[in-house]
2 protein chains.
Amino acid sequence: MKKKLPRKTVERLSEYRRTLINYLDSGRDYIFSHELADMHNNTAVQVRRDIMLIGYSGVQRRGYKVKELIRAIGKVLDDPRGQNVAIVGVGHLGTAILHYLKGKRPALHLKALFDIDKEKTGREINGIPCYPVEELAARVREHKIGIAILTVPMEVARETTALLVEAGVRGLMNFTTVPLDVPEDVFLEEYDLITSLEKVAYFVRI
Amino acid sequence: MKKKLPRKTVERLSEYRRTLINYLDSGRDYIFSHELADMHNNTAVQVRRDIMLIGYSGVQRRGYKVKELIRAIGKVLDDPRGQNVAIVGVGHLGTAILHYLKGKRPALHLKALFDIDKEKTGREINGIPCYPVEELAARVREHKIGIAILTVPMEVARETTALLVEAGVRGLMNFTTVPLDVPEDVFLEEYDLITSLEKVAYFVRI
DNA sequence: AGGGTTTTGTTTAATAATTAACAATTAAAT
DNA sequence: ATTTAATTGTTAATTATTAAACAAAACCCT
Ligand SMILES: NC(=O)c1ccc[n+]([C@@H]2O[C@H](COP(=O)([O-])OP(=O)(O)OC[C@H]3O[C@@H](n4cnc5c(N)ncnc54)[C@H](O)[C@@H]3O)[C@@H](O)[C@H]2O)c1
Ligand SMILES: NC(=O)c1ccc[n+]([C@@H]2O[C@H](COP(=O)([O-])OP(=O)(O)OC[C@H]3O[C@@H](n4cnc5c(N)ncnc54)[C@H](O)[C@@H]3O)[C@@H](O)[C@H]2O)c1
């Protein structure tokens, strides 16, 4: 596998790609680094550097060929065989995410939902099967799920995480307000609204 | 105003505080840096350094006094007069956030909701008044709203942002999948699920 | 009381990320 | 064809963040 890219670069590449996909509609085939930069409130140098890191080259005086750049980013971000994802806890937030994710990223396959509520399990929701948590380990293995989105109530966040890790999940997005304990080979993304909001609040005042 | 803290430190302080508030239930009055560290998958040094930066001191061999530390973090993160927040776009996601936020952080006052849908406007939702977007500028000024959570459909994200900035909003959490354009004195937090999910996917593979 | 141990606070070093600098290239203008 | 201006790719410098190192204080044990 190629060398690990900086975390921040990975984030930006994902953002660039989305912007570029929309940009396709504009009818222009090329885009300049400073244009892409302006669309993301960052600098042309940053953009060029990020693109350099994935080994793609634009053409001078012309910019980057949009379609090629999208492909080049895909080559870095996407697993060619796809990666399977589950949502655990299909409540308010889980449902919103479920609908939002649908058809968004072709390389990320939402394969399973898990809940404890019998009303929700044993059927498909928006085309995705929803299983009872009791089947979690078996289903995670069956569907080869490597990534889980955790949207359960905070009281059960830690035990659910333990189940997921035990079942072989390698990456976790934690939407709950509970700090989780994972082995260091599991990638944990804390995705807490309050933290981000308090950060905004702080930097607005400072 | 005191010196600006590092972005990452601010994030962690927010997380520490939440953990500490829960920890109050444990009955213990003190907590060690390594305990707090373990709860957040980071190191004791990091914790001590963060705490040092806000000027709070623990007692050696005893650790940090939980209640005092919570207060000390509040002194840094919270505006004593509170800060007012609005949610713009009360759909699936906006509603989930609305319910989630309720009563969570006393220093952040959710003062207003905005939507274009006449079904939703002109009344209170969960105790918060929901106004039509036409009144946005006036209501933002009336309620002195400094922070906005943007959960409108992506098609209108940019125009809505322009309205908000014009009306005087100083901080923005962008939940939409659209890169926004803001003056540099407005603090913009991109809060995109896809980006984070793709990042997890990348680091799981690498 | 004194030696050993634990834990904090702070300084110094290492690593990661951003920004600046600039050479190389190429399209456009003359 | 030559010059000029624009734009990329890359290296070097700067700044931000994390980790390591260690002295100082506080407790514990004898
Ligand atoms: N709503 C938000 O905007 C928001 C924002 C940030 C974080 N959060 C956090 O996300 C989590 C979910 O929030 P929500 O508003 O969707 O709550 P919710 O109560 O609407 O949904 C929780 C879901 O999890 C299911 N569940 C309960 N126990 C379970 C278990 N052991 N295994 C599997 N599923 C189980 C419930 O049946 C329910 O469907 C909470 O921890 C909340 O703090 C929510
Ligand atoms: N649902 C998710 O999990 C999720 C996750 C990430 C990002 N997002 C993004 O968040 C946004 C909202 O998602 P959603 O699922 O809540 O959509 P939604 O359609 O349920 O809600 C959108 C709301 O915005 C209102 N609205 C429309 N035009 C408006 C305007 N000009 N001013 C004010 N309000 C207006 C609509 O009436 C509706 O209530 C979308 O841009 C989506 O891409 C959603």
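Numbered from 1 within each chain, the chains take letters A, B, ... in sequence-line order. Remember, predicted model here, so these are calculated numbers, not experimental data.
Note on B:Ser57: only backbone sugar-phosphate atoms sit closer than 4.0 angstrom, heavy atoms only; bases stay farther off.
Separating the CG atom of A:Leu53 from the P atom of D:dT8 is a distance of 16 Å, rounded to the nearest angstrom. When rounded to the nearest whole Å, the span between CD of B:Gln46 and C1' of D:dA16 equals 12 Å. Distance, B:Lys65 NZ to C:dT7 P: 18 Å, rounded to whole Å. Between B:Tyr30 atom OH and D:dA26 atom P there is a gap of 12 Å when expressed in whole angstrom units.
In this structure, the nucleotide among C:dA17, C:dT19, D:dT18 sitting nearest to the side chain of A:Arg7 is C:dA17. The side chain of A:Arg48 approaches C:dA21 more closely than any other nucleotide in the set C:dA21, C:dT19, C:dT8. Checking C:dA20, C:dT10, D:dT7 against every side-chain atom of B:Met52, the shortest atom distance belongs to C:dT10. Distances from the side chain of B:Arg49 to the nucleotides D:dA25, C:dT12, C:dA17 place C:dT12 closest. Distance from the side chain of A:Thr43 is smallest to C:dT19 among C:dA17, D:dA26, C:dT19. Checked against D:dA26, D:dA20, C:dT25, the side chain of B:Gln60 finds its nearest nucleotide in D:dA26.
At least one side-chain nitrogen or oxygen of A:Tyr64 sits closer than 4.0 Å to the OP1 or OP2 atom of D:dG9. Contact check, B:Ser33 against C:dT8: a side-chain N or O comes under 4.0 Å of OP1 or OP2.
Comment: B:Arg71 does not engage B:Glu68 in a salt bridge, judged by the lack of any side-chain N to carboxylate O separation of less than 4.0 angstrom. For B:Arg28 and B:Glu35, the salt-bridge test passes: some basic side-chain N is under 4.0 Å from an acidic carboxylate O.
Between A:Arg62 and B:Arg61, the residue anchored nearer the 5' end of DNA chain C, judged by the nucleotide with its closest heavy atom, is B:Arg61.
Looking at heavy atoms from C-beta onward, A:Arg17 lies out of side-chain contact with A:Arg12 at the 4.5 angstrom threshold.
Ring to ring, A:Tyr191 and B:Tyr191 are close: their centroids are under 6.0 angstrom apart.
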